[in-house]
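This report refers to the structure that appears directly beneath it.
In this text the structure is predicted, and so the values were computed from the model without any measurement.
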Amino acid sequence: MGVPGLWEVLRPAATRSSLSALCKTAFFANRNGLRALTIGVDASLWIFHAQCVPQGGENPFVRTIWFKICTLLQQPVLPVFVFDGPDKPGSKRGKSVSGAFGTSDGHSLQFKQILDNCGLEWWNRSLRSNSANLSGTSHTATSKGDMKTYEIYRSSDIASAWGDKQGSALQSEEDCRIAMIFVAMLAGGDYVPQGLDAFGPTIAFALANAGMSADLSLFLSSPAAFSAAVPALKERIMAELRTNSTGFVGRKYPSRADKVANLTSAELFNLPALQSYLRPATSPISNPAAGWPGFGKGVSIHAKRGMGRNGGRGDLEGMARACEKFFEWGTKELVVKRFASEGTGVFGAELISAARSRRKEQDGTTEAGPRIAVAGPSIQGRLTSYFGSTSAPSSSRLPSKSVSREPSPAHTIPTPSYLLQIERTRPDPTCPDLTEYRIQYDIKPFMARTQGAMDGHRPDPKDLSPEERAALGLVNAEVDDDGDEPSASQAKKKKADVAEKGTARVWIADWLVKEAWPVLVEQWDDKEAAKLAKLAAKGKGRTKTVKPATPKKSKGKGKE
C-alpha cells in the first residue's frame, strides 16, 4: 500500500521469528503437502535492488538476482516471483506505471529468463496470497547469517491487538483491512500520494478506531451507495475532530475539521484510488488454468507464468546452464567451485531439496505427483521481512504448539552414498534455539551433473588477455562470493577440498536431517557416545597423586 508510517501503527501486533524457525514450522505443519515454506517474492523490489549494485563484470543485474536466489534456496522454501501484470493501475505514488514494466521491460524479461533457466516459478499479474501474514519491506541478504529476524504481521494478530482497545470499532480482520485502506486514503499511499492536508497515519488510524472507516466497505457492494453515504461520513469525521468524543483522536483538532469541511466528496475519497485498493486486479484462485497453477504445475513456457522444475525448487542443471550463459566465470571448473562453496551454496541447496524429497516420499507424495488440495479456509494476507536485525527472535511469540508426527519409516531407507558424515554441530546463527549439523558430502555426483549440463564454450578468465579481462570488469583470476580476491591460503584450501578431495561441507538444520536421513544422525550419535565413553574410561583409569605440601621456611630477622 506504500503508506508512510503504517508499519509503526501495525508494529504492536508483530511477532518475530527467523526464517529458519518459519521453515521448521511450515515443514512440520505441512498444511499444503509440500514440506516447505512457500514464499511470494515481489519481483519489483528485487529489480530495484539489483539496479543499485556496482555494474562491473558481465550481466551485473542478472548476477545480483542469481546470488539472491542462491541465498534463498539455502532454506527449505518454495519461492514464486510475482511481477506486475497488464491490469495494474496506471499510476503509483504519482508516477505512471502503465505499460511494459513487469511484463516486457528489459529488466523484467532478464529476471524471468534467469528464473526459467534455473527452473523457478514466476507469475505475471498480482497473486492473492493464501497465507496468514501481511507483507512489507525486504532487504538484500548476502548470506544466511545476515538474515537474522523477520517481523511477521498476521491478520488475526492485528485484529486481536486493535480490537483489544476499549471501544474500538475494529473487531474483525475485515474491519482491520478496511481500516488500513482508510488510513491510506487519508494519510497518503500508492494511489493517493498526497493524502489529505495535515493528516498523518496517527490521526487517520484514530478515526478508524472511532468507527469512521466502516463505510468504505459499502463501496464493495455498491459504489453508488458509498458515494451517497460520503456527505454523512464527512460530517461524522468533522464532529470527531472537533470534539474527540470517543477519545481515540487524543485531543480536539478544530483546524483539521475546517480543512475537511472545505473538501468535496470526491476530494475526500478519491473513487479511482478506492477502486484500486478495494478491488485490485488479482489472479483467479478458482481457475488454475487462467491463474497460477501451483508449484511445478506449469505445462510450458508461458507469457504469463514460468515453468518451475523439481516441484518449484529448480534444478542443478538449469543453474549451471544459467551461469554459463550469463557470467564471465561460467566455465565448468569455476562453476563447480562456486556451487561447492558455502557462500553460494548451490550444492548445499541441492541437499536441502533431496531432504525434502526424501520426506515427501515418506508422505506418499512426490514432486511430480498429483496436485494436493489444501483443506480449510484460507486467510488473505502476506509476509513482511526485516533482515539484518541483531535482536534474537522472541520465543514467546513463536508458535509453541507441538506438531504430532507419525513414526518415520526412513530408518529402513539407506542413506545416499554421497553423504559422508556429520562432523559437528552448532546453534543456528539466525535462531539460537535451533541446531545445525555440519555435513561433509561427496561433490562428485553433483559435479558430474553440473558439468554435464554445460557445453563448455566459455574461456577460462585466466586465459584472457588483460584487455579482454578489463572489458569484462575482471581484475583477479578468481574472486570469492563477496567479490574479493581470496588469500593464498584460502585459495589453496578451496582447491584442495574441491579439486583433490572432492568433498565439501554444508550446514543443514538438524530437524531436517533427522527427518530425511536418521541413520546418518544415528551414526553421529554413536560416534559422539563412543568419544564420551573413551574420555570417561581414561578418567577412571587414572590415579590422582597428591603431592605433599612443602613446609614453608621461617623468615629470620638476621644471621644466627
Side-chain angles (χ1 to χ4, degrees), residues 1-14 89 91-95 134-137 151 153 155 157-159 161-171 173-217 219 226 230-278 382 384 386:
M1 294 171 68
V3 184
L6 179 60
W7 293 115
E8 295 305 318
V9 174
L10 292 169
R11 185 152 289 119
S91 63
K92 199 171 185 179
R93 305 296 304 174
K95 297 181 180 179
L134 291 163
S135 78
T137 64
E151 284 186 343
Y153 295 84
S155 51
D157 292 341
I158 293 171
W162 290 2
D164 284 346
K165 295 179 181 178
Q166 186 175 2
S168 174
L170 309 179
Q171 295 298 312
E173 293 179 19
E174 180 64 11
D175 291 340
C176 296
R177 186 180 78 90
I178 296 296
M180 284 185 262
I181 294 172
F182 181 84
V183 172
M185 296 296 294
L186 269 61
D190 284 344
Y191 307 125
V192 276
Q194 293 82 19
L196 302 184
D197 185 28
F199 277 78
T202 302
I203 292 180
F205 180 56
L207 291 172
N209 276 280
M212 307 301 161
S213 60
D215 285 357
L216 268 63
S217 60
F219 188 90
F226 172 76
V230 168
L233 175 57
K234 176 181 174 181
E235 293 296 326
R236 289 167 52 208
I237 291 174
M238 290 189 297
E240 186 62 28
L241 289 170
R242 289 193 173 108
T243 64
N244 186 32
S245 62
T246 65
F248 285 110
V249 178
R251 66 181 181 87
K252 299 176 182 179
Y253 288 96
S255 61
R256 285 176 173 79
D258 292 340
K259 290 179 181 292
V260 173
N262 293 327
L263 298 174
T264 66
S265 294
E267 290 170 334
L268 182 59
F269 292 106
N270 182 296
L271 295 186
L274 199 56
Q275 169 80 11
S276 296
Y277 281 126
L278 287 170
R382 294 174 290 177
T384 281
Y386 284 81

With rounding to the nearest 0.5 Å, note down the distance linking [atom1] in [X] to [atom2] in [Y].
{"X": "Ser265", "Y": "Asn270", "atom1": "OG", "atom2": "CG", "result": "12.5 Å"}
{"X": "Leu207", "Y": "Arg236", "atom1": "CG", "atom2": "CZ", "result": "10.0 Å"}
{"X": "Met185", "Y": "Tyr191", "atom1": "CE", "atom2": "OH", "result": "12.0 Å"}
{"X": "Leu186", "Y": "Leu268", "atom1": "CG", "atom2": "CG", "result": "6.5 Å"}

Query raised in the report: Quick check: does any side chain N or O of Tyr277 sit under 3.5 Å from a backbone N or O of Asp190, one acting as donor and the other as acceptor?
Result: yes
Report task. Kindly say whether Pro272 contributes a backbone atom to a donor-acceptor pair with the side chain of Ser276 at under 3.5 angstrom? Result -> yes
Contact summary for [X] and [Y], nearest pair of heavy atoms:
{"X": "Ala261", "Y": "Lys234", "value": "O-NZ, 3.3 Å"}
{"X": "Ile178", "Y": "Ser213", "value": "CG2-O, 3.1 Å"}
{"X": "Glu8", "Y": "Pro12", "value": "O-CD, 3.6 Å"}
{"X": "Ala208", "Y": "Leu170", "value": "O-CD2, 3.7 Å"}
{"X": "Gly5", "Y": "Pro201", "value": "CA-CG, 3.9 Å"}
{"X": "Glu240", "Y": "Gly247", "value": "OE2-N, 4.1 Å"}

Report summary line: Hits for salt bridge (charged side-chain N to carboxylate O under 4.0 Å, His left out) against Glu174, two or more places apart or cross-chain, chain-then-number order -> Arg177
Query raised in the report: Which residues satisfy the salt bridge (charged side-chain N to carboxylate O under 4.0 Å, His left out) test with Asp175, sequence neighbours excluded?
Result: none
Query raised in the report: Could you go step by step and tell me if Met180 and Leu10 meet the side chain to side chain contact (heavy atoms under 4.5 Å, CB included) rule?
Result: CA-CA 9 Å; Met180 284 185 262; Leu10 292 169; 4.0 Å; yes
Query raised in the report: Can you list every pair that meets salt bridge (Lys or Arg N to Asp or Glu O under 4.0 Å) and has a residue in residues 199-213, with sequence neighbours left out?
Result: none
Return a table of donor-acceptor pairs under 3.5 angstrom between the side chains of residues 248-260 and protein atoms on other chains or two or more places apart.
unit_1: Arg256; atom_1: NE; unit_2: Ala198; atom_2: O; d: 2.7
unit_1: Arg256; atom_1: NH2; unit_2: Ala198; atom_2: O; d: 3.4
unit_1: Asp258; atom_1: OD1; unit_2: Arg242; atom_2: NH2; d: 2.9
unit_1: Lys259; atom_1: NZ; unit_2: Asp197; atom_2: OD2; d: 3.0

Report summary line: With sequence neighbours left out, the residues meeting side chain to side chain donor-acceptor pair (under 3.5 Å) with Thr243 are none
Report task. Verify the ring-centre separation between Phe219 and Phe269: is it less than 6.0 angstrom? Result -> no
Requested in this report: Please assess Leu278 against Ile181 for the test side chain to side chain contact (heavy atoms under 4.5 Å, CB included), listing each intermediate value before the final yes or no.
Outcome: CA-CA 8 Å; Leu278 287 170; Ile181 294 172; 3.4 Å; yes
Report summary line: ring-ring contact (aromatic ring centres under 6.0 Å, His included) pairs touching residues 194-217, sequence neighbours excluded, are Trp162-Phe205
